[in-house]
*Asks:* 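Please see the structure below; I have some questions.
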Protein chains: 2
Amino acid sequence: MSEKPATHPDLSRERALRWLGGAGLRPTRQRLALAELLVGDGRDRHVTAEWLFAACRNQGETVSLATVYNTLRAFSEAGLVREITVDGSGSYFDTRTDDHPHFYWEDTAELADAPTSDLEIARLPAPPADADIARVDVVIRLRRKGA
Amino acid sequence: MSEKPATHPDLSRERALRWLGGAGLRPTRQRLALAELLVGDGRDRHVTAEWLFAACRNQGETVSLATVYNTLRAFSEAGLVREITVDGSGSYFDTRTDDHPHFYWEDTAELADAPTSDLEIARLPAPPADADIARVDVVIRLRRKGA
DNA sequence: ATTAATGCAAACGATTTGCAATGGG
DNA sequence: CCCATTGCAAATCGTTTGCATTAAT
């Protein structure tokens with residue numbers, strides 16, 4: 001219901017534009033709308049395709065669900081977002097693209113950043129000789145107390 | 001094509017029987033067949049439903065794919081296996097049910113145990129006050145060198 | 001103009017479910 | 001015998017794709 005933008009609208013648009021431009025992606029109307037929802041306020045975000053689709057429509061923008069999926073894949077391949085799958089049903093897209101731990105609420109299926117500074121992996125298993133580590137995913141599954 | 005059982009057939013059957021019994025699950029013909037494939041030789045295993053289905057048929061056992069799925073879910077709920085989802089398409093079932101790190105080969109989509117002893121998490125982010133940690137999933141994604 | 005991006009609807013693959021048939025305890 | 005388990009086929013869910021239309025550069 002709240003129509004108040006989180007930050008100055010022009011700044012949000014500006015950020016989205018730079019974000020797309022930096023990856024060499026054409027700033028179409030729908031990409032811009034999606035990008036604004038993702039990085040408009042500069043905060044990190046974990047969204048599902050469905051969520052983004054709904055959010056976009058709420059702003060009055062017209063986008064098809066297929067385009068949301070295709071766009072998220074494009075963003076992902078361009079390195080703008082990172083795809084994370086935590087349980088079989090649906091994946092999340094994280095605007096923060098470096099290795100960092102996540103909290104996952106099992107009851108609400110919400111994904112959030114865990115404080116990075118508090119994770120310290122002292123020793124990581126050495127990869128087999130013919131392999132490089134592409135990335136390390138750490139998901140801390142949370143259960144509400146007294147559930 | 002190899003018809004040679006990995007271990008003594010009776011021992012394998014025996015193990016499967018105890019495994020099911022310990023969880024209070026009725027040892028039907030198909031559950032027994034699946035259980036043998038999973039724990040018959042005492043080694044830890046990471047299987048997909050499709051793999052298990054195929055493996056079962058190769059032994060000449062008749063099982064429906066639906067039953068494989070339902071049975072894996074039953075095993076999972078009984079705490080006999082742990083379900084792991086690493087990327088959107090399909091989940092793995094691990095016969096080892098404690099927290100431990102995994103290697104994931106991005107090119108072949110294979111999941112394997114990473115040497116546990118080599119992982120050391122010095123500090124884990126503290127869970128929010130109203131939450132308990134249900135489990136911690138660590139997946140080390142591997143990319144073949146020079147790919 | 002040329003080429004890429006969009007939207008729809010149909011296609012998809014993994015998993016689940018309804019329900020009748022079967023089989024353990 | 002009774003209730004759990006099975007199997008099949010149809011249903012579901014998230015995601016992708018083919019292709020004609022539209023919009024960027």
Side-chain angles (χ1 to χ4, degrees), chain A residues 13 16-17 19-21 23-37 46-57 59-78 80-93 109-111, chain B residues 13 16-17 19-21 23-37 46-57 59-78 80-93 109-111:
Chain A
R13 196 173 171 25
L17 227 25
W19 195 60
L20 291 173
L25 291 175
R26 276 197 202 174
T28 66
R29 184 173 46 73
Q30 3 322 53
R31 281 182 178 173
L32 208 39
L34 297 175
E36 275 197 67
L37 286 165
H46 306 81
V47 310
T48 61
E50 286 288 357
W51 183 93
L52 191 55
F53 176 61
C56 197
R57 299 227 136 172
Q59 316 258 301
E61 294 287 340
T62 71
V63 206
S64 76
L65 183 54
T67 295
V68 173
Y69 275 107
N70 292 335
T71 301
L72 281 172
R73 188 147 45 79
F75 286 179
S76 197
E77 280 162 6
L80 291 177
V81 299
R82 174 179 286 202
E83 187 172 0
I84 297 172
T85 307
V86 52
D87 73 355
S89 49
S91 33
Y92 297 82
F93 296 85
E110 266 173 301
L111 191 69
Chain B
R13 195 155 197 304
L17 228 24
W19 195 60
L20 292 174
L25 291 175
R26 275 199 204 173
T28 66
R29 183 172 47 73
Q30 2 325 51
R31 282 181 178 172
L32 208 38
L34 297 175
E36 276 198 67
L37 286 165
H46 305 82
V47 309
T48 61
E50 286 288 355
W51 184 93
L52 191 55
F53 176 60
C56 197
R57 298 227 137 170
Q59 317 259 300
E61 294 287 340
T62 71
V63 206
S64 76
L65 183 53
T67 294
V68 173
Y69 274 107
N70 292 334
T71 301
L72 281 172
R73 188 148 44 77
F75 287 179
S76 198
E77 281 162 6
L80 291 178
V81 301
R82 176 179 286 203
E83 187 171 0
I84 296 171
T85 307
V86 52
D87 72 356
S89 51
S91 34
Y92 296 83
F93 296 86
E110 267 174 300
L111 191 70

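In what follows, chains carry the letters A, B, and so on, assigned in the order in which the sequence lines appear, proteins first and then strands, with residues in each chain numbered from 1.
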*Asks:* From B/Leu80 CG over to B/Arg31 CZ, what is the distance, rounded to the nearest 0.5 angstrom?
*Replies:*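 Rounded to the nearest 0.5 Å, the CG-CZ separation comes out at 10.0 Å.
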*Asks:* Side-chain contact test, heavy atoms from C-beta onward, threshold under 4.5 Å: evaluate it for B/Gln30 versus B/Thr62 and give yes or no.
*Replies:*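 Contact flag for B/Gln30/B/Thr62 side chains = no.
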*Asks:* Does the gap between the ring centers of A/Trp51 and A/Tyr92 come in under 6.0 Å?
*Replies:*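 That pair fails the under 6.0 Å test.
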*Asks:* Nucleotide range of DNA chain D contacted by chain A, 5' to 3', under 4.0 Å to a heavy atom?
*Replies:*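 Listing 5' to 3', DNA chain D meets chain A from D/dG14 to D/dT25.
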*Asks:* If you round to the nearest 0.5 Å, how far is CZ of A/Phe75 from CG of A/Leu52?
*Replies:*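 Nearest 0.5 Å value for the CG-CZ distance: 8.5 Å.
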*Asks:* Could you go step by step and tell me if B/Leu17 and B/Leu32 meet the side chain to side chain contact (heavy atoms under 4.5 Å, CB included) rule?
*Replies:* CA-CA 7 Å; B/Leu17 228 24; B/Leu32 208 38; 3.6 Å; yes
*Asks:* Begin with the C-alpha distance, continue with both residues' side-chain angles, and end with the deciding distance and a verdict on side chain to side chain contact (heavy atoms under 4.5 Å, CB included) for A/Val63 and A/Arg29.
*Replies:* CA-CA 9 Å; A/Val63 206; A/Arg29 184 173 46 73; over 6 Å; no
*Asks:* Using a strict heavy-atom distance below 4.0 Å, which residues from residues 24-36 of chain B are in contact with DNA chain C?
*Replies:*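 DNA chain C contact set from residues 24-36 of chain B: B/Arg26, B/Pro27.
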*Asks:* Checking A/Arg26 now: which residues fulfil salt bridge (charged side-chain N to carboxylate O under 4.0 Å, His left out) with it, not counting sequence neighbours?
*Replies:*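 Partners of A/Arg26 by the salt bridge (charged side-chain N to carboxylate O under 4.0 Å, His left out) criterion come out as none, since no residue qualifies.
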*Asks:* Sugar-phosphate means primed atoms, P, OP1 and OP2; the rest is base. With that split, encode nucleotides 13-18 of chain C 5' to 3' as B, S or - using protein heavy atoms under 4.0 Å.
*Replies:* -SBBB-
*Asks:* Using the side-chain contact (heavy atoms from CB on, under 4.5 Å) criterion, which residues pair with A/Ser89? Sequence neighbours excluded.
*Replies:*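 With neighbours one apart ignored, the set is A/Asp87.
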*Asks:* Could you grab the distance from atom CZ of B/Arg73 to atom CD of B/Glu83, nearest 0.5 Å is fine?
*Replies:*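 Result: 9.5 Å between the selected atoms.
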*Asks:* Which whole-number value in Å describes the distance from A/Glu77 CD to C/dA5 P?
*Replies:*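 One finds 11 Å between P of C/dA5 and CD of A/Glu77, rounded.
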*Asks:* Run the side-chain hydrogen bond (donor to acceptor under 3.5 Å, both in side chains) test against A/Arg82 and tell me which residues pass, sequence neighbours left out.
*Replies:*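 Residues passing side-chain hydrogen bond (donor to acceptor under 3.5 Å, both in side chains) with A/Arg82: A/Asp99.
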*Asks:* Does a side-chain N or O of A/Ser64 approach OP1 or OP2 of C/dG7 to a distance below 4.0 Å, or not?
*Replies:*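 Affirmative; the distance criterion is met.
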